[in-house]
Amino acid sequence: MDAGQLQSQELGRLKKRAEFLFVRDGRYRAQGAVVVQARKNPNQEGLRVGFTATKKIGNAVIRNRAKRRLRETARKLLPEYGVPGTDYVFIARQNTCSRTYSDLVDDVKKALLTLAR
RNA sequence: UCAGAGGGUCGGGUGAUCGCGAAGUUUCUUCGAGGAAAGUCCGGGCUCCAUUAAGACAGGAUGCCGGAUAACGUCCGGCCGGCGUGAGCCGAGGGAAAGUGCCACAGAAAGCAAACUACCCCGUUUACGGGGAAAAGGUGAAAGGGUGCGGUAAGAGCGCACCGCGUUUUGGGUAACCAAAAUGGCAGGGUAAACCCCAUCCGGAGCAAGACCAAAUAGGGAUGGCUUAUGACGGGUCUUAACGUCGCUGUCCGGGUCGGUCGCGUGAGCGCGGCAGCAAUGCCGGGCCAAGAUGAAUGAUCACCACGCUUCGGCGUACAGAACCCGGCUUAUAGACCCUCUGGCAUU
RNA sequence: GCGGGCGUAGCUCAGUGGUAGAGCAUCACCUUGCCAAGGUGAGGGUCGUGGGUUCGAAUCUCAUCGCCCGCU
């Protein structure tokens, strides 16, 4: 049982509208095909993450695929680059589905590094 | 070979690694979006509410005939009308003789008929009056049957022939309807996707339905204990009497929010064969179990093959994501394939 | 899941089957030394799209597209 898998199990999900509104008032970083918002939450210790795809970027197929791709990047990158005790929100943009996967990973990595400083 | 008509099928495939959801025999295995899952336009199942049950009014929907179906506004077959050389396609296609309304402009006149120009007769006189007539002109989407012959002062279904229309009879058909004959002698303009009439159908809401479990806090009810009440407060004021309300705490009960569980997938199910039927479809036999999430599961990388584009590096593979389920309708859809049929041209 | 409304000129809206209109905006002219205001006039419309009913449709009707709103 390696540490990465253990941390991914602890990756919590934001579900309620109030939680998204809480993170919206924190810091944000737009990088390439993704917007990442982050805010320290004193009430809990682990990492939590939520995903948003608005109706502006396309139909249900496009929105679902964008959220899946962002979920995949969060699963791989957050345990390494995320700051514990912080809530993150990933927002999809128009080109989230058309961007190649390696570029999307770079976007998320840069955004997380910027927000960690 | 060119141009078309109708119907149907598919919707990239196989494998590997890392992740996600569900189930199971839990170190693992199996399964995991669609033909439209979409729009929510109809019809049902299921659940709750109301009602003894049924009917009526209102409102809504449907509307040629027969059949299929759990039901339908769907489907199948037929009839009639329109379009097309044709294969075929389209049609809310009952009633205008129950009543009401409307038919702009133009036109003399838009509906129990009437009479502008022109026509014919008589009188008077050429600026007229009386009568006949509804063929000609012109208006309009539409002018009280159409064409021809006779007839007449001029004309007119006034008469006749054919066509149309109405009524009756006969024959065919389950019926819509079709055909024939006789008869009437032209009435009854159009519009019901105008109101309306007739026939048939419809109780309402929706899985966020509904059922169950149930924390903290606040509050409700029952009951016991403590406190006290010769008390305080209330009904406009005062007095007396009566009435009502008011503290702390234990136990029990019920409702119920966040949350959780069920509902939730064996079903009007799928495909195969046979039989009945022109068909929709039904019946019989044996086979299969095939998503079940709830801020909502399918993503990433790689290899080979298929198709398309290519600047030979590669790029792309439509429309689109289940949310209780099912039958339809409508709309979107790169491309590929199959079957049947029609017309033209060429050849044999 | 259930229900309601809207779409007409560049913008905001009228228009109850019979030739599509108003205000603002645009353009031209007048007025002024110049601008604004004011006055006169002009242009500008597939009535969201496609069928149907009707002699005739922005209007009636069916389907479809887009937008907005409400309940749960």
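Naming: A, B, ... by sequence-line order, numbering from 1 per chain. These numbers come from a predicted model, not from an experiment.
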**Student:** Could you please name the partner base of B:A50, counting Watson-Crick and G-U wobble pairs only when both distances are under 3.5 Å?
**Tutor:** none
**Student:** Is B:A346 paired to anything, Watson-Crick or G-U wobble with both distances less than 3.5 Å, and if yes, which nucleotide?
**Tutor:** none
**Student:** Rounding to an integer number of angstrom, what distance separates B:A187 and B:A135 when you compare their P atoms?
**Tutor:** 12 Å
**Student:** Round to the nearest Å and state the distance from A:Phe90 atom CZ to B:G299 atom C1'.
**Tutor:** 15 Å
**Student:** Please give the distance between the C1' atoms of B:G67 and B:G203 as a whole number of Å.
**Tutor:** 31 Å
**Student:** For B:G78 and B:U174, measure between their P atoms and round to the nearest Å.
**Tutor:** 16 Å
**Student:** By the 4.0 Å heavy-atom rule, please label A:Arg71 as base, sugar-phosphate, or nothing.
**Tutor:** sugar-phosphate
**Student:** Please determine if a side-chain N or O atom of A:Arg69 lies less than 4.0 Å away from the OP1 or OP2 oxygen of B:A300.
**Tutor:** yes
**Student:** To the nearest Å, how far apart are A:Ile62 CD1 and B:A318 P?
**Tutor:** 10 Å
**Student:** Is B:G88 in the syn range, within 90° of 0, or in the anti range?
**Tutor:** anti
**Student:** Need the glycosidic conformation of C:G5: syn if within 90° of 0, anti if not. Which one?
**Tutor:** anti
**Student:** Not counting sequence neighbours, list each pair that qualifies as a salt bridge (charged side-chain N to carboxylate O under 4.0 Å, His left out) and has a residue in residues 30-43 of chain A.
**Tutor:** none
**Student:** Considering only residues two or more places apart or on different chains, which pairs with a residue in residues 62-71 of chain A satisfy salt bridge (charged side-chain N to carboxylate O under 4.0 Å, His left out)?
**Tutor:** none
**Student:** Just the rounded figure in Å: distance from C1' of B:U17 to OH of A:Tyr101.
**Tutor:** 14 Å
**Student:** For A:Phe51, which contact category applies under a 4.0 Å heavy-atom criterion: base, sugar-phosphate, or nothing?
**Tutor:** nothing
**Student:** Which pairs with one or both residues in residues 34-55 of chain A pass ring-ring contact (aromatic ring centres under 6.0 Å, His included), sequence neighbours excluded?
**Tutor:** A:Phe51-A:Phe90
**Student:** How is A:Asn64 classified with respect to the nucleic acid when contacts are heavy atoms under 4.0 Å: base, sugar-phosphate, or nothing?
**Tutor:** base
**Student:** Taking only residues at least two apart or on different chains, which pairs with a member in residues 101-112 of chain A satisfy side-chain hydrogen bond (donor to acceptor under 3.5 Å, both in side chains)?
**Tutor:** A:Arg99-A:Asp107, A:Thr100-A:Asp103
**Student:** Quantified in whole Å, what is the C1' atom distance between nucleotide B:G35 and nucleotide B:A318?
**Tutor:** 13 Å
**Student:** Which one is paired to B:G129, where only Watson-Crick or G-U wobble pairs with both distances under 3.5 angstrom count?
**Tutor:** B:C122
**Student:** Suppose you measure atom C1' in B:C278 against the same atom in B:A68; what distance do you get, rounded to whole Å?
**Tutor:** 14 Å
**Student:** Sequence neighbours excluded, which residues qualify as side-chain contact (heavy atoms from CB on, under 4.5 Å) partners of A:Ala116?
**Tutor:** A:Val83
**Student:** Once Watson-Crick and G-U wobble pairs under 3.5 Å are found, how is RNA chain C written in dot-bracket notation, 5' to 3', with | for any base paired to another strand?
**Tutor:** ((((((((.[[[[.)..(..]]]].(((((.......))))).....[[[[[..)....]]]]]))))))).
**Student:** Whole Å only: how far is the CG atom of A:Asn59 from the P atom of B:C319?
**Tutor:** 9 Å
**Student:** Applying a strict under-4.5 Å side-chain criterion to I, L, V, M, F, W and Y, I'd like to know whether A:Leu104 and A:Val61 cluster together.
**Tutor:** no
**Student:** Which glycosidic conformation, syn or anti, is assigned to B:G157 if syn requires a torsion within 90° of zero?
**Tutor:** syn
**Student:** Say you pick atom P in B:U333 and the same atom in B:G43; how far apart are they, in whole Å?
**Tutor:** 29 Å
**Student:** Do any N or O atoms of the protein come closer than 3.5 Å to N or O atoms of nucleotides 309-315 of chain B, and which pairs are they?
**Tutor:**
none

**Student:** Please determine, for B:G91, whether a Watson-Crick or G-U wobble partner exists with both distances under 3.5 Å, and give it or none.
**Tutor:** B:C80
**Student:** Base of B:G172 relative to its sugar, syn (within 90° of 0) or anti?
**Tutor:** anti
**Student:** Between A:Arg68 and B:U298, does any side-chain N or O lie under 4.0 Å from OP1 or OP2?
**Tutor:** yes
**Student:** Taking the C1' atom in each of B:G335 and B:C309, what is the distance between them to the nearest angstrom?
**Tutor:** 13 Å
**Student:** Rounded to the nearest 0.5 Å, what's the gap from CD1 on A:Ile91 to CG on A:Leu70? Could you check?
**Tutor:** 10.0 Å
**Student:** Applying a 3.5 Å limit to both distances, which nucleotide forms a Watson-Crick or G-U wobble pair with B:A290?
**Tutor:** none
**Student:** With sequence neighbours left out, which residue pairs that include part of residues 81-90 of chain A fulfil the side-chain hydrogen bond (donor to acceptor under 3.5 Å, both in side chains) condition?
**Tutor:** A:Asn41-A:Asp87, A:Gln44-A:Asp87, A:Arg48-A:Asp87
**Student:** Show every side-chain hydrogen bond (donor to acceptor under 3.5 Å, both in side chains) that has at least one partner inside residues 23-36 of chain A, sequence neighbours left out.
**Tutor:** A:Arg29-A:Gln31
**Student:** How far, in whole Å, is B:A208 from B:C302 if one measures between their P atoms?
**Tutor:** 42 Å
**Student:** Does any residue of residues 27-35 of chain A have a heavy atom under 4.0 Å from RNA chain B, and if so, which ones, in number order?
**Tutor:** none
